[in-house]
Chemist: 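Following this message is one structure expressed as structure tokens.
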Amino acid sequence: MDHASLFHGSLVTTSRILYTPSAFAKTNLIHLQETGSLKAKKPHTSRRENLASYLFFCVLSGYGTLKYEGKTCPLKTGDCVFLDCRKAYSHRTSDDLWQLAWVHFYGPNMGSIYDKYTERGGRPCFHPVSLKPYEAILTELYEIASAQDYVRDMRIFEKLAALLTLLMEESWNPEAKKHIAPKRQNLQEVKEYLDLHYAEKIPLDLLAESFYINKFYLTRIFKEQFGISINSYLLQIRITHAKQLLRFTDQTVETIGRECGIEDANYFSRIFKKIEGISPGEFRRMWRS
């Protein structure tokens with residue numbers, strides 16, 4: 001069951017839903033724990049730690065501060081916070097009392113997802129381009145959790161996945177971006193070249209020389225812009241094309257490997273299995289049986 005309440009305390013006025021997901025959702029899905037909004041009535045500090053939870057909240061109005069991982073971050077209207085609640089954190093509203101909307105959630109692989117968020121440059125506190133998409137998701141989560149719907153956990157999972165996608169999209173550090181020279185910031189041409197020439201040998205030195213970019217600079221900026229290394233991206237394209245050929249042609253595995261830019265048949269089979277979890281032959285049998 002879930003519990004929706006409007007609470008008028010001495011410190012806050014809050015509207016929240018405490019949600020109990022199904023056993024299936026807790027085991028298999030990113031699931032809701034609680035969601036709501038509050039308006040502070042006087043300055044106060046909230047402290048938590050050792051919670052099996054992840055917290056996202058946005059500041060709808062007012063000001064405050066967040067203490068997390070030994071740092072203090074000032075918060076203002078339009079700011080967002082994304083935390084791993086297993087770590088100690090506290091937040092405090094200033095005299096300009098804030099209004100917050102939040103969601104606590106958890107699920108399988110959330111640790112890895114949060115690690116990827118931070119790896120991509122995501123920070124505990126950030127100011128999004130627009131707060132509206134986040135507000136919309138929080139509103140929809142509250143409405144779904146309030147409704148009596150037999151696929152409610154799946155709808156909640158869908159909204160939490162949309163929230164995480166938004167967070168990943170905004171996880172680049174803008175302070176790092178602005179130092180990139182404008183004419184070299186966009187490496188779309190490099191990416192398009194790899195898309196077209198994946199079947200060829202593409203040494204990094206030659207690639208950098210072709211686009212008049214230092215190879216070390218190229219590797220760093222490519223990963224910053226696309227979230228993946230050049231080698232990993234090239235391998236991703238090659239395996240994708242190999243899967244198409246395995247499914248829709250009768251070419252041998254060795255021929256397919258060569259057509260996708262991997263000359264060594266043993267290496268092709270080994271790397272294919274590492275990425276897909278099965279050998280090229282098993283992949284073909286599975287999808288063509």
Side-chain angles (χ1 to χ4, degrees), residues 68-71 73-74 79-82 84 109 111-130 133 164-245 254-277 280:
Y68 181 70
E69 295 186 320
K71 297 179 181 179
C73 176
D79 283 347
C80 293
V81 170
F82 183 32
D84 177 352
N109 301 318
S112 297
I113 292 171
Y114 193 81
D115 287 345
K116 174 59 70 173
Y117 171 78
T118 57
E119 177 188 315
R120 287 166 53 90
R123 297 169 296 179
C125 309
F126 65 95
H127 191 86
V129 175
S130 172
L164 289 168
T165 300
L166 271 178
L167 289 165
M168 287 295 187
E169 287 175 348
E170 298 221 35
S171 63
W172 302 119
N173 185 339
E175 293 301 314
K177 272 191 169 184
K178 70 182 184 182
H179 295 300
I180 301 171
K183 71 175 183 178
R184 293 184 180 178
Q185 182 175 356
N186 192 338
L187 297 183
Q188 186 63 34
E189 288 186 11
V190 176
K191 183 172 175 289
E192 290 173 356
Y193 179 88
L194 296 175
D195 290 340
L196 289 173
H197 298 274
Y198 65 90
E200 304 170 13
K201 290 184 179 179
I202 308 178
L204 180 59
D205 288 331
L206 181 60
L207 184 66
E209 183 179 330
S210 299
F211 288 91
Y212 306 100
I213 303 175
N214 175 277
K215 67 178 181 180
F216 301 109
Y217 184 83
L218 172 61
T219 55
R220 178 169 63 86
I221 300 306
F222 189 95
K223 187 167 185 178
E224 283 184 9
Q225 186 169 342
F226 300 112
I228 188 172
S229 70
I230 291 174
N231 285 338
S232 295
Y233 181 71
L234 191 55
L235 192 57
Q236 188 181 81
I237 299 169
R238 287 170 169 166
I239 295 301
T240 298
H241 282 275
K243 283 158 48 175
Q244 292 175 339
L245 293 173
E254 292 79 4
T255 300
I256 289 172
R258 287 196 299 271
E259 286 201 15
C260 293
I262 304 176
E263 294 290 337
D264 187 317
N266 290 329
Y267 176 72
F268 170 66
S269 294
R270 203 163 57 243
I271 202 69
F272 188 98
K273 187 170 185 177
K274 181 179 179 181
I275 293 173
E276 292 296 316

Chemist: Does the side chain of F268 come within less than 4.5 Å of I256's, by heavy atoms?
Modeler: yes
Chemist: Using the ring pair (Phe, Tyr, Trp, His ring centres under 6.0 Å) criterion, which residues pair with Y198? Sequence neighbours excluded.
Modeler: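 Residues passing ring pair (Phe, Tyr, Trp, His ring centres under 6.0 Å) with Y198: H241.
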Chemist: Any side-chain heavy atom of C260 sitting closer than 4.5 Å to one from L245?
Modeler: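 Touching, per the 4.5 Å side-chain cut-off.
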Chemist: Quick one: CG on L234 to CG on D195, what's the gap to the nearest 0.5 Å?
Modeler: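 Output value for this atom pair is 9.5 Å.
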Chemist: Can you give me the closest heavy-atom contact between H197 and I202, atom names plus distance?
Modeler: O-CD1, 3.2 Å
Chemist: Could you pull out every donor-acceptor pair under 3.5 Å between side chains of residues 270-277 and any protein atom, sequence neighbours left out?
Modeler:
residue	atom	partner	partner atom	Å
E276	OE2	K243	NZ	3.2

Chemist: Kindly say whether R123 contributes a backbone atom to a donor-acceptor pair with the side chain of Y117 at under 3.5 angstrom?
Modeler: yes
Chemist: Would you say that L207 contacts L194 through its side chain, given a criterion of any heavy-atom pair below 4.5 Å between the two side chains?
Modeler: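 When only atoms from C-beta onward are counted, L194 and L207 do touch, with a gap below 4.5 Å.
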Chemist: Rounded to the nearest 0.5 Å, what separates atom NZ in K191 from atom CG in L196?
Modeler: 10.5 Å
Chemist: So which atom in N214 and which in A208 form the shortest heavy-atom distance, rounded to 0.1 Å?
Modeler: C-CB, 4.2 Å
Chemist: Any side-chain heavy atom of F82 sitting closer than 4.5 Å to one from L164?
Modeler: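 The answer is yes; the side chains approach within 4.5 Å.
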Chemist: With rounding to the nearest 0.5 angstrom, report the CZ to CD1 distance, F226 to I221.
Modeler: 11.0 Å
Chemist: I'd like to check the salt bridge (Lys or Arg N to Asp or Glu O under 4.0 Å) partners of E259; sequence neighbours left out, ordered by chain and number.
Modeler: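 For E259 there are no salt bridge (Lys or Arg N to Asp or Glu O under 4.0 Å) partners, ignoring immediate neighbours.
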Chemist: Nearest 0.5 Å, what's the CZ-CD distance between R120 and E169?
Modeler: 8.5 Å
Chemist: Suppose we screen for ring pair (Phe, Tyr, Trp, His ring centres under 6.0 Å). Which residues come up paired with F126, at least two apart in sequence or across chains?
Modeler: none
Chemist: Compare all side-chain heavy atoms of I213 with those of L187 and state whether any distance is below 4.5 angstrom.
Modeler: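 They are in side-chain contact.
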Chemist: Atom CD of E170 and atom CG of L166: how far apart are they, to the nearest 0.5 Å?
Modeler: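 Answer for the CD-CG pair, E170 versus L166, is 7.0 Å.
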Chemist: Which residues pass the ring pair (Phe, Tyr, Trp, His ring centres under 6.0 Å) test with Y267, sequence neighbours left out?
Modeler: none
Chemist: Is it the case that atom CD in E69 sees more than 12 heavy atoms from other parts of the structure closer than 6.0 Å?
Modeler: yes
Chemist: Please round to the nearest 0.5 Å and tell me the distance separating atom OG1 of T118 and atom OH of Y114.
Modeler: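 Those atoms lie 6.5 Å apart.
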Chemist: Can you tell me which residue pairs pass the salt bridge (Lys or Arg N to Asp or Glu O under 4.0 Å) test with a partner in residues 226-239, sequence neighbours excluded?
Modeler: none
Chemist: For Q188, look at atom CD and say whether over 12 heavy atoms of other residues, nucleotides or ligands are found less than 6.0 Å away.
Modeler: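 Yes, the 6.0 Å shell around CD holds more than 12 heavy atoms from other groups.
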Chemist: Could you check whether any side-chain N or O of T219 sits under 3.5 Å from a backbone N or O of F216, counting only pairs where one atom can act as donor and the other as acceptor?
Modeler: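 Yes, the answer is positive, given that a donor and an acceptor are paired below the 3.5 Å cut-off.
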Chemist: Grab the two heavy atoms, one from I228 and one from F222, that are nearest each other, plus how far apart they are.
Modeler: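 For I228 versus F222, the nearest heavy atoms are O-CD2, 3.3 Å.
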